[in-house]
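Structure first, then comments.
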Protein chains: 2
Amino acid sequence: MLFSECQIDTATEVLKSISHPIRLKILCFLLEGEKNVGEIEQKFGSTISNISQHLTVLRKADIISRRKDANFMFYSLKDKNIIALMETMKKLFCQ
Amino acid sequence: MLFSECQIDTATEVLKSISHPIRLKILCFLLEGEKNVGEIEQKFGSTISNISQHLTVLRKADIISRRKDANFMFYSLKDKNIIALMETMKKLFCQ
DNA sequence: CTGATTTTTTATTTAAAAATTAAAAATAAT
DNA sequence: ATTATTTTTAATTTTTAAATAAAAAATCAG
């Protein structure tokens with residue numbers, strides 16, 4: 001078999017976290033570099049509370065990290081594995 | 001922006017479809033070649049009805065296709081994009 | 001034709017995810 | 001200190017997905 005039970009669980013959690021239109025858009029946006037919550041909200045609409053909750057989902061799945069600056073919170077992609085996955089997605093779904 | 005609205009929708013649908021432990025395992029299993037519903041059910045447990053429903057989800061997302069032979073239904077991976085995605089997943093999550 | 005096998009479909013129940021709204025923290029500005 | 005800004009958290013409602021069980025199709029074997 002390709003995956004162990006534990007790898008299946010990890011992969012499922014990551015995939016589930018990025019399987020939402022808003023979260024997928026956020027991840028694409030973060031490919032440009034770190035952004036604060038307001039910038040993300042302005043870019044994609046929805047409410048800032050809703051965006052914040054989606055960011056929490058991504059953060060709990062270890063996909064993004066954040067840095068505080070005054071009362072702004074800057075979010076960015078956490079590791080190069082996620083970037084690699086996004087690049088593959090781009091190649092497969094954006095021709 | 002990296003994705004258009006429509007590409008986001010397509011990508012989200014595909015990701016959502018594969019973001020389930022049983023469905024992810026089925027896809028791995030199908031990397032070996034086509035299998036019928038009973039073979040999949042035996043491999044991973046659950047009920048045959050449940051497996052059939054998961055296969056329907058994958059089929060509606062255009063990820064797998066099927067071929068009828070008597071009263072057996074053989075399923076297989078539909079395209080190489082999905083295989084490429086699975087290979088990337090393997091590289092990223094199975095080290 | 002009858003009964004057995006394989007799979008799908010439908011209906012119901014249960015559980016999880018998403019959106020909305022309101023309230024709460026934390027910091028900054030006056 | 002008070003007020004405004006930015007973000008998070010919590011509570012509620014709504015929506016969607018999953019599992020289970022039962023019934024229905026389709027084909028095969030006798």
Side-chain angles (χ1 to χ4, degrees), chain A residues 5 8-30 33-78, chain B residues 5 8-30 33-78:
Chain A
E5 200 66 30
I8 286 280
D9 289 345
T10 307
T12 302
E13 201 206 349
V14 170
L15 288 171
K16 246 165 80 174
S17 306
I18 70 178
S19 301
H20 186 284
I22 291 181
R23 294 200 289 268
L24 204 47
K25 286 181 205 170
I26 290 174
L27 292 174
C28 294
F29 193 34
L30 292 183
E34 66 170 18
K35 308 283 180 186
N36 66 51
V37 185
E39 288 176 305
I40 297 169
E41 185 263 343
Q42 277 191 303
K43 185 89 176 178
F44 304 119
S46 188
T47 63
I48 212 157
S49 165
N50 188 232
I51 296 291
S52 177
Q53 288 175 83
H54 283 304
L55 287 168
T56 300
V57 171
L58 292 172
R59 197 161 47 81
K60 290 201 170 154
D62 239 23
I63 291 172
I64 60 178
S65 51
R66 62 181 181 176
R67 168 179 81 77
K68 190 167 196 171
D69 178 12
N71 46 4
F72 291 86
M73 202 62 100
F74 286 92
Y75 281 87
S76 54
L77 297 177
K78 187 149 186 178
Chain B
E5 201 65 30
I8 285 282
D9 289 345
T10 306
T12 302
E13 200 205 350
V14 170
L15 288 171
K16 247 166 78 174
S17 307
I18 72 178
S19 300
H20 185 285
I22 291 180
R23 293 199 289 267
L24 204 47
K25 285 181 206 170
I26 290 174
L27 292 175
C28 294
F29 192 34
L30 292 183
E34 67 171 14
K35 308 283 181 188
N36 65 50
V37 184
E39 288 176 306
I40 298 169
E41 185 263 345
Q42 277 191 305
K43 186 88 177 179
F44 303 119
S46 189
T47 62
I48 213 158
S49 163
N50 187 232
I51 297 292
S52 177
Q53 287 175 83
H54 283 304
L55 288 167
T56 300
V57 171
L58 291 172
R59 197 161 46 83
K60 289 201 170 153
D62 238 20
I63 291 172
I64 60 177
S65 51
R66 63 180 180 177
R67 167 180 82 75
K68 190 167 194 170
D69 178 11
N71 45 3
F72 291 86
M73 202 61 101
F74 286 91
Y75 281 88
S76 54
L77 296 177
K78 187 150 188 178

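Letters go in sequence order (proteins before strands), and every chain restarts at 1. A quick note: this is a predicted structure, and the numbers were derived from the prediction, not measured.
Separating the CG atom of B/Leu58 from the P atom of C/dT7 is a distance of 16 Å, rounded to the nearest angstrom. In this structure, A/Gln42 places its CD atom 10 Å from P of D/dT7, rounding to the nearest Å. Atom-to-atom, CD1 of B/Ile64 to C1' of C/dT8 comes out at 14 Å; the value is rounded to the nearest Å. Rounded to whole Å, the distance from CD1 on A/Ile22 to P on D/dT15 is 16 Å. Here the C1' atom of nucleotide D/dT5 and the CD1 atom of A/Ile48 are 10 Å apart, to the nearest Å. Per the geometry, CZ belonging to A/Arg59 stands 13 Å off P belonging to D/dT7, to the nearest Å. At whole-Å resolution of the value, CZ in B/Arg67 and P in C/dT7 are 12 Å apart. Following rounding to the nearest Å, A/Phe72 (CZ) and D/dT7 (C1') show an atom-to-atom distance of 10 Å.
Of the candidate nucleotides C/dT8, C/dA26, D/dT8, C/dA26 has the atom nearest to the side chain of A/Lys68. Which of D/dT6, D/dC28, C/dA28 sits closest to the side chain of A/Ala70 comes down to C/dA28. In the set C/dA11, C/dT21, C/dT8, the nucleotide with an atom closest to the side chain of A/Thr47 is C/dT21.
Residues A/Val37 and A/Leu55 share a closest heavy-atom pair of CG2-CD1, 3.9 Å. Taking both residues in full, the closest heavy atoms of A/Ser17 and A/Ile63 are given as CB-CD1, 3.7 Å, listed atom of the first, atom of the second, then distance.
Remark on DNA chain D: of its neighbouring residues B/Ser19 and A/Ile51, the 5'-side contact belongs to A/Ile51, judged by nearest-heavy-atom nucleotide. Between A/Val57 and A/Asp69, the residue whose closest nucleotide on DNA chain C is further toward the 5' end is A/Val57.
Checked by distance alone, B/Ser49 brings no side-chain donor or acceptor within 3.5 Å of a matching partner on the base of D/dT20. In terms of polar N and O atoms assigned as donor or acceptor, the side chain of B/Asn71 comes within less than 3.5 Å of the base of D/dT27 in a complementary pairing. In terms of polar N and O atoms assigned as donor or acceptor, the side chain of A/Glu39 never comes within less than 3.5 Å of the base of D/dT6 in a complementary pairing.
Salt bridge present: A/Glu5 and B/Lys25 bring a charged side-chain N and a carboxylate O closer than 4.0 Å.
For the atom pair CG of B/Leu77 and CG of B/Leu58, the computed distance is 9.0 Å after rounding to the nearest 0.5 Å.
Phosphate proximity of C/dT8 to B/Arg66: present, with a side-chain N or O under 4.0 Å from OP1 or OP2. B/Lys16 has a side-chain polar atom (N or O) that falls below the 4.0 Å cut-off from OP1 or OP2 of D/dA17. Between B/Arg23 and D/dA18, a side-chain N or O to OP1/OP2 separation shorter than 4.0 Å is present. Taking only side-chain nitrogens and oxygens, B/His20 never comes nearer than 4.0 Å to OP1 or OP2 of C/dA17. Taking 4.0 angstrom as the limit, A/His54 places none of its side-chain polar atoms (N or O) nearer than this to OP1 or OP2 of C/dA17.
Looking at heavy-atom distances under 4.0 Å, A/Ser46 makes no contact with the nucleic acid at all. At a threshold of 4.0 angstrom between heavy atoms, the contacts of A/Tyr75 are confined to the sugar-phosphate backbone, with no base atom among them.
Judged by distance alone, with hydrogens and angles left aside, the side-chain atoms of A/Gln42 form no donor-acceptor pair with the main-chain N or O of A/Glu39 at under 3.5 Å.
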- Evaluate the criterion side-chain contact (heavy atoms from CB on, under 4.5 Å) for residue pair B/Phe74 and B/Asp69; output intermediate values, then yes/no. CA-CA 7 Å; B/Phe74 286 91; B/Asp69 178 11; 4.0 Å; yes

